[in-house]
Amino acid sequence: MNRYQRELNPEQCEAATHLNGPLLILAGAGSGKTRTIIYRTVFLLEQGVAHENILAVSFTNRAVREMEERVAGMLNSSGIVKKLTMSTFHALGVRILRRDIEALGYPKRFTIYDEGDQLSLLRRAMKEHRVSEKDYDPKMIRGLISNAKNEFEEPGDVRDPLLRKLYKKYDELLRVSGAVDFDDLIRLPVRLLNEHEPCLQYWAGKFRQIMIDEYQDTNQVQLLMAQKLASIHNNICVVGDDDQSIYGWRGSNVENIRQFDKSFPGAKIVKLTQNYRCSGNILEAANHVIAKSPGRYAKKLWTDQPAGEKIGMKVLLNEADEAKYIVKEVSRLRYEEGFKWSDMSIMYRTNAQSRSFEELLRRERVPYRLIGGTKFFDRKEVRDVVAYLKVIHNSDELALRRVLNYPPRKIGTTTMDRITSETKARECSFYEVCEDIENVEKIGKTQKAAISDFVSLIRKCRERITSKENLSSVAKDLIQFLRFHQLLYKEYEKLSEAKRRIENVESLVNSIAEYETGDKKTSLSDYLERITLDSTDSDRDKAGDEVTLITLHGAKGLEYPVVFLAGVEEGFMPYFRGSEGVEDLEEERRLCYVGITRAKKKLYITRADMRRRFGKTLEREPSRFLSDIPKECWVWLANKKAKLDLSEGQKDQLFKNFFTDMQSMLNKK
DNA sequence: CGCCAATTATTTTTT
DNA sequence: ATAATTGGCG
């Protein structure tokens, strides 16, 4: 018996030791998916596939890091892992583009625009075409353009004349800015692979073995990319679970995984159906919820674990009571049942639901970490500082427009518009006009002085950076010089709000300093690219002993001994979007399934009868998915009586817990 | 152009 | 409920 047979179950082993031809690994929730692909990577290396010929792609930086760490752990060498290409789809796209993008007429040193940048650019496109933002919501148009790009449609392919016009203009603006958006990071590499033979030869030749994780989340253009990359060696292994496809509203197409053997003829399919995560009752409930889903691969997860505890259901009066109940239960599990804080997770559908839990957890001094919400680098105050860095880096016009009058320098729309028209007259960049502002007509004296001060500020920062000064110290001085703190105090009435934002600005400086420590070569452009491609809060992954608050989407791929599914009501699960009602009921069902299958030992399902939303009180009904959970799997939870008579062992535990709590509190300060 | 008051949107989200 | 945006006025 070899190592693979010994350490994997028969299905996992079959998948891990598959060598040639397309392979689909249908990996049910908790079926040891990651384990299987780690073993397969090692297997490939053992079979003599060279490191540089292996590509592993996933969606999130977190998943990539996990894969890297676990492969390194198995090989006892992190040096080898560096030669494997493990990457997100988007980071891989960047690599392909950095090599050959000039063939498409973009500059080699293109910049990457995130969603916010996209929106600013689109607004300008709409302005130029005199399309009113009142008539057409830029966010919606952005979504439509994004859909078109993800379907690999060029502007000319778009039916709707208005959309065609805006898409075209938007792409033109990207081009003159020397920028690409997130969607382009997949779409343009596909164009290169299609149109530029040397590019195809290089990449499709290089990757003899390709693995793609979370394949159920791929969209049309990602499928095209996969097909192109696999077109020479035809060794593509995708891993995923159609039951966990929850990103359809972002353009992912569950049919990609359901029709895998159509995209890659002759594909072998291996199903991993043994679940190692959930106890019996939890898995039983999950199986019943998902069973109704139409068009899925037939598979029923099974476990050899005992039935375990039944799922606890609880109905509360309102969201405050729901939070009270859960937080009390969390504490009880910690102090009476010996769970760690980090064993427990509270999950909900929308980020806004986290608030009531946060407030109470803070009040009760329960350590928690909140995952998701407005991402760190999307916060206004952080974006403002980053915009300065972008201006310093390459005079990026969008960034420049953002900060030219922030902090206020008496430069308003009139002046901005005049500069814009000057760029057209002179056929030069926005920044170049600013540099030569003295010779621009019709600009006020005050404005001219302000702009030339601004330009010399940027110049000074550039000089300091080219003379190898630390980025973080330049940023620090810049913030001080701009009197950013005072600005924030002025901008926010609430002192606590201003302080929070100042903290964020400080965290940004810390993030730069952290980036600079270590022996890797660092540069401003590399830092900026990193934060657009990997917006992971640097402290998000550091695991302390904390209760996790997370949305169902964020929880995919995670597991906890104890899960609280909160707000399991019509409106949240399934989610009602505005007046349109449910967007995709089946996807909502899958989301519910994802939530249930996160729990290993204990699952609580709670809901409230009433809820305040946008300041109005609403009556809430139980989620329709609850009726699919068999009666034998769950029980109503009563209010717990305080336990008065503790055993000696329990008292001892309580004391220990108290002690470690104090310790961690002190460490934090 | 800056400031204040009124108005309006915001609550799925890997990159 | 709250933060961000917009519109009118000085």
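First the proteins, then the strands, lettered A, B, ... as listed; each starts at 1. Everything quoted here is computed from the prediction, not taken from an experiment. Note: hydrogens, waters and symmetry copies are ignored here, and every other heavy atom, side chains too, is used.
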Worksheet item: A:Arg383 has an atom CZ; how far is it from atom C1' of C:dA4, in whole Å?
Response: 15 Å
Item to complete: Look at A:Asn61 and B:dT15 and indicate whether a side-chain polar atom (N or O) is within less than 4.0 Å of OP1 or OP2.
Response: yes
Worksheet item: Between the side-chain atoms of A:Arg250 and the base atoms of B:dT15, is any donor-acceptor pair under 3.5 Å?
Response: yes
Worksheet item: Within the structure shown, what part of the strands sits under 4.0 Å from A:Glu214 by heavy-atom distance: base, sugar-phosphate, or nothing?
Response: nothing
Worksheet item: Is there a side-chain polar atom (N or O) of A:Ser58 under 4.0 Å from OP1 or OP2 of B:dT14?
Response: no
Item to complete: Mark this stacking check for A:Phe89 against B:dT15 as yes or no, applying ring centres under 5.5 Å and ring planes under 30°.
Response: no
Worksheet item: How is A:Asp217 classified with respect to the nucleic acid when contacts are heavy atoms under 4.0 Å: base, sugar-phosphate, or nothing?
Response: base
Response to the item:
When rounded to whole Å, the CD to P distance for the pair A:Gln244 and B:dT13 reads 17 Å
Item to complete: Would you please say whether a donor-acceptor pair under 3.5 Å links the side chains of A:Thr85 and A:Ser87?
Response: no
Worksheet item: Base, backbone or nothing for each nucleotide of nucleotides 3-9 of chain B, written B, S, -, heavy atoms under 4.0 angstrom, 5' to 3'?
Response: -------
Worksheet item: Quick one: is A:Asn351 getting a side-chain N or O under 4.0 Å of the B:dT10 phosphate, OP1 or OP2?
Response: no
Response to the item:
With the side chain defined as heavy atoms from C-beta on, A:Asn405 is closest, among C:dT2, B:dT15, B:dG2, to B:dG2
Discussion item. I'd like to know if A:Lys33 and A:Asp241 make a salt bridge, using a cut-off of under 4.0 Å between side-chain N and carboxylate O.
Written reply: no
Discussion item. Distance check needed: B:dT13 C1' versus A:Leu552 CG, whole Å only.
Written reply: 13 Å
Worksheet item: Should A:Thr415 be listed as having a side-chain N or O under 4.0 Å from OP1 or OP2 of B:dC1?
Response: yes
Worksheet entry | Euclidean distance, atom CG of residue A:Asp137 to atom P of C:dT5 [Å, nearest integer] | 14 Å
Worksheet item: Under 4.0 Å between a side-chain N/O of A:Thr532 and OP1 or OP2 of B:dT15, yes or no?
Response: no
Worksheet item: Do any N or O atoms from the side chain of A:Arg598 and from the backbone of A:Val594 form a donor-acceptor pair under 3.5 angstrom?
Response: yes
Fill in: Full working for side-chain hydrogen bond (donor to acceptor under 3.5 Å, both in side chains) between A:Glu214 and A:Gln216
CA-CA 5 Å; A:Glu214 303 286 9; A:Gln216 75 281 354; 2.7 Å; yes
Worksheet item: Which nucleotide sits closest to the side chain of A:Gln447: B:dT15, B:dT14, B:dC1?
Response: B:dC1
Item to complete: Figure out the CG/C1' separation between A:Asp384 and C:dA4, and round it to whole Å.
Response: 13 Å
Worksheet item: When you match A:Thr414 and A:Ile246 each to their closest nucleotide on DNA chain B, which lands nearer the 5' end?
Response: A:Thr414
Fill in: Length of the CG-C1' vector between A:Asp378 and B:dT14, whole Å
13 Å
Fill in: Distance under 6.0 Å and angle within 45° of ring axis: A:Arg620 vs A:Phe572
yes
Fill in: Residues A:Ser511 and A:Tyr527: side-chain donor-acceptor under 3.5 angstrom
yes
Discussion item. Classify A:Thr446 by what it touches in the nucleic acid, base, sugar-phosphate, or nothing, heavy-atom distance under 4.0 Å.
Written reply: nothing
Discussion item. I'd like to know if the side chain of A:Lys228 and the backbone of A:Arg191 have a donor-acceptor N/O pair within less than 3.5 Å.
Written reply: no
Worksheet item: Given atom CD of A:Gln118 and atom P of B:dT15, what is their separation to the nearest angstrom?
Response: 15 Å
Worksheet entry | Pairwise distance NZ(A:Lys556) to CG(A:Leu591) - rounded to 0.5 angstrom | 10.0 Å
Discussion item. Please determine whether a side-chain nitrogen of the Lys or Arg among A:Asp384 and A:Lys380 lies less than 4.0 Å from a carboxylate oxygen of the Asp or Glu.
Written reply: yes
Response to the item:
Sorted by position of nearest nucleotide on DNA chain B, 5' first, the leading residue of A:Lys410 and A:Leu533 is A:Lys410
Worksheet item: Once you round it to whole Å, what is the distance between P of B:dT14 and CG of A:Asp183?
Response: 15 Å
Practice prompt. With the side chain of A:Tyr247 defined as its heavy atoms from C-beta on, choose the nearest nucleotide among B:dT15, C:dA3, B:dT13.
Written response: B:dT13
Worksheet item: Within the structure shown, what part of the strands sits under 4.0 Å from A:Arg611 by heavy-atom distance: base, sugar-phosphate, or nothing?
Response: nothing
Worksheet item: Of the nucleotides C:dT2, B:dT13, B:dT14, which has the atom closest to the A:Trp249 side chain?
Response: B:dT13
